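Proteins get letters first, then strands, A, B, ... in listed order; numbering begins at 1 in each. In this text the structure is predicted, and so the values were computed from the model without any measurement.
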Amino acid sequence: MVVHALIRREPAGELHSTTPTWDASTSRVGFVVSKAVGGAVIRHRVTRRLRHLMVDRLAGLPAGTQVVVRALPASAAASSAELGADLDSALRKLLRGSS
RNA sequence: CGAGUCGGACGGGCGACCGCGUUGUCGGAGCGAUCCGAUGCCGAGGAAAGUCCGGACUCCACAGGGCAGGGUGGUUGCUAACGGCAACCCGGGGUGACCCGCGGGACAGUGCCACAGAGAACAGACCGCCCGGUGCCUCGUGCACCGGGUAAGGGUGAAACGGCGGUGUAAGAGACCACCAGCGCCCCGGGUGACCGGGGCGGCUAGGUAAACCCCACCCGGAGCAAGACCAAGAGGACCGGCUGUUGUCAUCGGCUGGUCUGCGCGAGCGUUCGAGGGCUGCCCGCCCGAGCUCGCGGGUAGGUCGCUUGAGCCCGUCGGCAACGGCGGGCCUAGAUGGAUGGUCGCCGACUACAGGAUCCGGCUUAUAGCCGAGUCGCUCG
RNA sequence: GCCCCCGUAGCCCAAUCGGCAGAGGCAGGCCCCUUAAAAGGGUCCAAGUGUCGGUUCGAGUCCGACCGGGGGUA
C-alpha cells in the first residue's frame, strides 16, 4: 500500500490560503481502493479492514493529520494482520521523516 | 454401481467479547436545530450482477390532417404489464427420463440466389439417346456435318421442376395407369382453439430467402430518482391572465390574486414584419407564440430536507383450476446508506468454503456459481 | 445508479445490396540506388474480423447472449 500524510505543523491559518471547512484539530483519513484490486466485494472487504485498523492508530497521530491510504492489488489477498503490519511500518516511516 | 435428465419456497449453523449504520426508550447539555452517554430491536443476494424486456412513480407534452419509426409473432389461458410463465398443438433430436424451436404470410408486389454449370426461376440440349437428310470410305446400319425430337442417364451445384414400378414410344415424357409423398377444394366426426382422425374430388407438381424490403394482426407519447419537490446561497427580475381603484372610455399608474420562465460576466455569429428562434417531444402540412437565439471562453456554486421504502409484500390454512395463477380467512413488519454501514478474535458442529455487496421499488429474462437435498430415466450386476 | 457508443495485421483505419474471405498507410524483413546513411523505388511478411450460438447455400456485414474498452449525466 501507499500512504500519504499531511501533518499539521503550523497554525491552520498559515497552512494555506484555503480555510478548511472542517475542524482543523481533528484528523481525517481517506482510502483509495481502485478497480484493479478486485470486484466490489473484495474492495469493500479491504476498505473495511483498513478502516478498523486506522481507528486504532488514530491516537498515535498528531492532531489535524490528514492521511490517504491507497491499497495496491496485492492487498486483496492479505489478511488483516498483514495489512496492520504494513500500516504500522508506513506510519512509522512518515512520522520519523516529519519530526 | 455407472451414465444421464429435471427440480429445490438450499447457499453454512449456534454462542461470547470489541467496533459500525438506521431507529425506539431513558438520562444530560442547549432558546433551538442538534449533540453526548447508556440500553434494546433490526441490518445485503439467489443471483444484490449484466442493464436485455415489462410496469409502478415523477416531470414535460397532449386542436387537426398526413407520413414515418420501434416492438411482438402457433393456440388457449395467467398477469398491473411483458419479448415472461403454464398447459396444449405442430416440427426436430434422444433407447428413455426429457430437451430444442424469432413457430404468421413466398399465387399482394419488389429484390437477391455469387462461383461452378449447357441451363438458376411462365427453366435448360454440353455429353448422351433417337429420327431424317447429305457426304465419305476400310460397306459397318461405321464416321463426319446439317435439321429436328427427347429431360430416362452423365456431369456442376446449397438448390436442376416429385419417387418407384409398369403401359407406351423411333427414343422419351404424368402422355397414361396403380401405389406413395406433396398441393387445393368439399363433406363427416372430435376440440373454445392451434389442430387431429376419416372419406371424396380435382388439376397433375408448385424452388429458396421475410434474423431482405414488404404484407397481415396486435402493441407503443418523451425522458428518467443524478426523475422531481422544497429550503438556503440570493434577491429578486421578466412575461401572461383575472378582479379592482382613479377616469366618460382606452392607454398609463397603483392594489390584490392565479400562472409561466429565468444563475453571472466577456466575446463572436445570426435576427427584429424581407421575422431569427420556439411550441404542437420523429418529420411535413397547418396553426400558434414571437425578440431574442446559438456558440466559445472565464470564474462561481456543487450545502440541507423530502422523494426513501407498507409493497401488484411475505408466511400459514382452505377453496377453485391439469397448471401458471386467483378468491377467502388468519398472522407478520423484513436494510434505507449519501465518500456510502457487516470487520477482528475465540469455542463447538459441519467441513476447507463457490459466485459474489443494496442505492427509487417491483415482475421476469440472461449470465456466474463450491457443495448439499429431492424426484424420474437408461444400462449392468446381485437377491 | 441511469443513459449512450465502439471492438478488423504490432499501430491507425477501409470493405457498396450478405458473395472468390479481406484494401490502404505507418512500423518490420530483404533488394535496388549511395563511398556510407537519410530520403526515394521495388518486394515480402503480418488478420481469419473480441467470444459463443443462431438465420442463410454462404456472415466482418443480419439476429441473440456474453467479454473488453470509452464517453455523457446533479
ask   = Heavy atoms under 4.0 Å, any strand shown: does A/Arg51 hit a base, just sugar-phosphate, or nothing?
value = sugar-phosphate
inquiry  = Using every non-hydrogen atom in the two residues, find where A/Val46 and A/Ser75 come nearest and quote the distance to one decimal.
reply    = CG2-O, 3.8 Å
ask   = What interatomic distance, in whole Å, is found between P of C/G54 and the corresponding atom of C/C11?
value = 30 Å
task = Could you check whether A/Arg49 gets within reach of a base, just the sugar-phosphate, or nothing at all, counting any heavy atom under 4.0 Å?
result = sugar-phosphate
note = Separation of B/A341 atom P from A/Arg43 atom CZ, nearest Å, is 12 Å
request  = Quote, to the nearest angstrom, the P distance that separates B/A223 from B/G228.
outcome  = 14 Å
ask   = In the structure shown, which nucleotide is the Watson-Crick or G-U wobble counterpart of B/G254, with both distances under 3.5 Å?
value = B/U244
Between B/A341 (C1') and A/Arg48 (CZ): distance, integer Å = 8 Å
query = With syn defined as a glycosidic torsion within 90 degrees of 0 and anti otherwise, which applies to B/G376?
reply = syn
message = Between B/G104 and B/G193, how many Å separate the two C1' atoms, rounded to a whole number?
response = 16 Å
note = Re B/A268: Watson-Crick or G-U wobble partner, both distances kept under 3.5 Å, found to be B/U294
C/C20 to C/C13 separation - C1' atoms, rounded to the nearest Å = 24 Å
request  = Provide the distance between the two P atoms, one in B/G278 and one in B/C285, to the nearest whole Å.
outcome  = 15 Å
Rounded interatomic separation in angstrom, taking CG from A/Leu53 and P from B/U342 = 13 Å
request  = Would you give the length of the straight line joining atom CG of A/Asp88 to atom CG of A/Leu83, rounded to the nearest 0.5 angstrom?
outcome  = 11.0 Å
key: Base paired to B/A151 (Watson-Crick or G-U; both N/O distances under 3.5 angstrom)   = none
inquiry  = Quick check: on RNA chain B, is the nucleotide nearest A/Ala81 upstream (toward 5') of the one nearest A/Thr47, or the reverse? Name the residue that is more 5'.
reply    = A/Thr47
task = Write down the partner of B/C88 under the Watson-Crick or G-U wobble criteria, each distance required to be under 3.5 Å.
result = B/G74
task = Could you please name the partner base of B/U39, counting Watson-Crick and G-U wobble pairs only when both distances are under 3.5 Å?
result = B/G24
request  = Mind calculating the distance between CD1 (A/Ile42) and P (B/G343) to the nearest angstrom?
outcome  = 13 Å
ask   = Within this structure, what is the CG-to-P distance between A/Leu87 and B/G343, rounded to whole angstrom?
value = 18 Å
request  = For C/C17, decide between syn and anti, treating a glycosidic angle within 90° of 0 as syn.
outcome  = syn
task = Find the distance between OG1 (A/Thr47) and CE (A/Met54) and round it off to the nearest 0.5 Å.
result = 13.5 Å
key: Minimum heavy-atom distance between A/Ser80 and A/Leu53, given as atom pair plus value   = O-CD1, 3.8 Å
ask   = Is B/G119 in the syn or the anti form, by the rule that syn lies within 90° of 0?
value = anti
query = Taking any strand in view, what nucleotide pairs with B/G234 in a Watson-Crick or G-U wobble way, both distances under 3.5 Å?
reply = none
task = Any strand is fair game: report the nucleotide pairing with B/G4 by Watson-Crick or G-U wobble, both distances under 3.5 Å, or none.
result = none
request  = Name the orientation of the base relative to the sugar in B/G174: syn if the glycosidic angle is within 90° of 0, else anti.
outcome  = syn
remark   = Rounded to whole Å, the NE2-P distance (A/His52 to B/U345) equals 12 Å
request  = Write down the distance separating the C1' atoms in C/C67 and C/A27, rounded off to the nearest Å.
outcome  = 29 Å
note = As its Watson-Crick or G-U partner within any shown strand, both distances under 3.5 Å, B/G207 has B/C113
key: Phosphate contact (B/G344 OP1 or OP2) by A/Ser80 side-chain N/O below 4.0 Å   = yes
inquiry  = What's the gap between B/U110 and B/C214 when it is taken at their C1' atoms, as a whole Å value?
reply    = 8 Å
ask   = Syn versus anti for B/A38, judged by chi lying within 90° of 0?
value = anti
query = Over how many whole Å does the gap from A/Arg45 atom CZ to B/U342 atom C1' extend?
reply = 12 Å
ask   = A/Leu50 has an atom CG; how far is it from atom P of B/G340, in whole Å?
value = 13 Å
Distance between P atoms of B/G241 and B/C250 (Å, rounded) = 15 Å
